[in-house]
Protein chains: 2
Amino acid sequence: MAATIKDVAKEAGVAVCTVSFAMNGSAHVAEETKKRIFEAIERLNYRPNQSARGLVTKRTNNIGLAVSETADGLENGILLDVIKGMGQAAGQYNYDVMLSFQKPHAAKPDDHLLDVYRKQSADGLIMMGTKKGEMPYRELVAKRFPFVLLGRPSAECMCHSVNADNEQGAYMAVEYLAGKGHRRIAFITPCSLEVDASQDRLNGYRKAMTDFFGGADDELLAYGSFAADSGYAETERLLSLKDRPTAIIAGRDAIASRVIEKAAELGCKVPEDLAVVGFDNSVVSQVARPSITSIELPMLEMGYRASNLLIQLIEGGISYDNTQRIVLPCILHARESA
Amino acid sequence: MAATIKDVAKEAGVAVCTVSFAMNGSAHVAEETKKRIFEAIERLNYRPNQSARGLVTKRTNNIGLAVSETADGLENGILLDVIKGMGQAAGQYNYDVMLSFQKPHAAKPDDHLLDVYRKQSADGLIMMGTKKGEMPYRELVAKRFPFVLLGRPSAECMCHSVNADNEQGAYMAVEYLAGKGHRRIAFITPCSLEVDASQDRLNGYRKAMTDFFGGADDELLAYGSFAADSGYAETERLLSLKDRPTAIIAGRDAIASRVIEKAAELGCKVPEDLAVVGFDNSVVSQVARPSITSIELPMLEMGYRASNLLIQLIEGGISYDNTQRIVLPCILHARESA
DNA sequence: CGATTTTGCAAAAACGTTTTTGATAACCGA
DNA sequence: TCGGTTATCAAAAACGTTTTTGCAAAATCG
């Protein structure tokens, strides 16, 4: 149906290889011939068949994003920003983006993530959403398949990674609050500490509390779950402490919004009586009233950088051994709540 | 590097074609031989190379989502839900999802959307985010390439489509408010009427107002822009009308949240003095206080249904001529604001 | 028991590219 | 004029599958 290189060759009155040469610049073709060829291409609306091309070049010009099940609970904006970032980088280098979702009900759910690699339908893979200890990408790294781990430190594994500096983000939150005179600063973890980001934020909080105030009071630490409502109960506890906190850092904006709500119920005004800082810089932080001061994870840029890295890896710009671990700083958006 | 079908054949002591037969069931293979083959496959971790396979079968087992620039402004959750829905359907039928974003700065931005089709790197395409009058998919339809238009009625074009019933959604909003005794119900369009959904919601509003109250008062109609703040100014106008509305339907949740805010400023309590209904059932509607009664567009299901339809189209289950126009009803989520 | 069908597998062509190798013609310097 | 480049293009192999055709052996049948 669609025009092939043969059709173009016939139309231009040359051999197929000449068409290929003209398109790829892989050999000298006379200007005049080139012109004829490109005109024929234009007339026939020809584009090389990717499968045929891929078969011989061993390149698909696809980069894949493997989304493990864990990512399902992610803040909506997060995953989408990563995808958009990927799209931008991919577009620049003439790649397309392939998505592969973990099949939760399969016998070996991770297998489908790896199939993209096994089928060779992408030249490289970015994986996000894996939890501590989970390493479905082990095979990729062992086989030196271009791979970038996103949203997690790659300490467990010698592989390239792009991550947000969650620790710095939490540190910055404390620093910001300290600058406003707060000393009793509480922290609610965003979710299970199985998730690296959660642990990292906690570490950053502790570190900052130690740096600024000589130590972290465990009384001020609350273990939130993924449910936003975990902010609810914990706020009640925190605000009923004898020496109650004047500020709460919530591990996610959704939790922060509940904190504010609970505070209001308890007759506690935000930010006057209680400062609140969230994480993610999601719509929630902008829409809540008061709007929430929030720590942004630069997900779009992470997706972009990860894709760039991946493409370098694919095209041989950087070696697999010289493991790159890109860590991007978080950004504080000051709003009404603190 | 990776194992090929030849390796498997050698390992199992058969010819390559036999391996292919065993895997695809396209010819009889003795049970005993089959067993040997599958063991070899398992040992070698073999998966057929997609490019090679695609070259002969003319199938890539990819379905593509083409996201036109307009979709950039979409509510975050919307695009992601569509993608997730696609992922679910694709997973069931052993397809993968390819994304192709419009390249805004290209000479012919639409071309990149079509390249996926021209390069034959996907077996079918879903397109979303096109505006009225824009028909970058014309070529696809003309060539009878499997294609589904998503999020728009396909009236302009004889093609399959999956859409939310925006008109019914708006109608339902009015009906719901009427049921609560409201008669002066205002409407703020979600964005430019260039976007079909926007026009459809307006139509639904008008129709309902006519059905329930004999006509729509144009005074109660406000033309919002994409900026959420458009709800701000318009609310002020609406609430200062002599015969002021007791309810406002906002074309998007983000706008609704601004409406609530402005109402509060004007000393108008929601929902007591003013009922508010939004659209999209986004996080915003859940997080806002009061939480916002909102009309959900079933985007995840739309993505799912569109993909199913597309795959049927690809695999010949349905014909291209028997144009299907799936319209899914919106769902009203009652919350505090109305 | 011979003729026919069925079963199980192999050989080989085909898919649409890229790329290596080669051939021819033009050009150039001495 | 001539050997040696250089420029331009063509022929053909290769990529890893699927699929058509075919063939031998086994099974079935009258």
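None of these values were measured; they are calculated from a predicted model. In what follows, chains carry the letters A, B, and so on, assigned in the order in which the sequence lines appear, proteins first and then strands, with residues in each chain numbered from 1.
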Legend entry - Residues from residues 24-31 of chain A lying under 4.0 Å of DNA chain C - heavy atoms: A:N24
Legend entry - Whole-Å gap separating P (D:dG16) and CZ (B:R59): 24 Å
Inset, instruction - Hey, can you tell me if A:Y320 and A:H160 have their rings parallel, tilted or perpendicular (30° and 60° cut-offs)? - result: perpendicular
Legend entry - Touch class at under 4.0 angstrom, heavy-atom based, for A:T4 against every strand present: sugar-phosphate
Legend entry - Rounded distance in Å - CZ (A:F21) to C1' (C:dG22): 11 Å
Inset, instruction - Identify, residue by residue, the members of residues 112-125 of chain A with a heavy atom below 4.0 Å from DNA chain C, and return them in order of residue number, or none. - result: none
Legend entry - Distance, rounded to the nearest Å, where B:M23 contributes CE and D:dG16 contributes P: 16 Å
Inset, instruction - Verify, without hydrogens or angle tests, whether A:Q50 (side chain) and A:T60 (backbone) share a donor-acceptor contact under 3.5 angstrom. - result: yes
Inset, instruction - Please indicate whether B:K10 has more than 12 foreign heavy atoms, meaning atoms of other residues, nucleotides or ligands, lying under 6.0 Å from its NZ. - result: no
Inset, instruction - For A:K6 and C:dT17, give me the distance from atom NZ to atom P, rounded to whole Å. - result: 9 Å
Inset, instruction - Ignoring backbone atoms, test whether A:T18 places a side-chain nitrogen or oxygen under 4.0 Å from the OP1 or OP2 oxygen of D:dC9. - result: no
Legend entry - Side chain proximity check, A:R118 to A:E139, heavy atoms < 4.5 angstrom: yes
Legend entry - Interface residues of residues 45-58 of chain A with DNA chain D (non-hydrogen, below 4.0 angstrom): A:L55, A:V56, A:K58
Inset, instruction - Using atom CD of A:E32 as one end and atom P of D:dA7 as the other, report the distance to the nearest whole Å. - result: 18 Å
Inset, instruction - Please tell me which of the listed nucleotides, C:dA12, C:dT18, D:dA11, lies nearest to the side chain of A:S20? - result: C:dT18
Inset, instruction - Determine the minimum heavy-atom distance between A:F147 and A:C159, stating which atoms define it. - result: CE2-SG, 3.9 Å
Legend entry - A:K35 bridged to A:E39 by N-O distance under 4.0 Å: yes
Inset, instruction - Answer yes or no: are there more than 12 heavy-atom neighbours, outside B:K132 itself, under 6.0 Å from its atom NZ? - result: yes
Inset, instruction - Take the protein atom CG of A:N61 and the nucleotide atom P of C:dG16, then report the distance between them rounded to whole Å. - result: 20 Å
Legend entry - B:R325 atom CZ: more than 12 heavy-atom contacts under 6.0 Å: yes
Legend entry - For the student: nearest non-hydrogen atoms of A:V116 and A:S100, plus distance: CG2-CB, 3.7 Å
Inset, instruction - Would you name the heavy atoms of B:A22 and B:I37 that are closest together and state the gap between them? - result: CB-CD1, 3.8 Å
Inset, instruction - Round to the nearest Å and state the distance from B:L44 atom CG to D:dG16 atom C1'. - result: 15 Å
Inset, instruction - State whether the number of non-hydrogen atoms from other residues, nucleotides or ligands found under 6.0 Å of A:R43 atom CZ is greater than 12. - result: yes
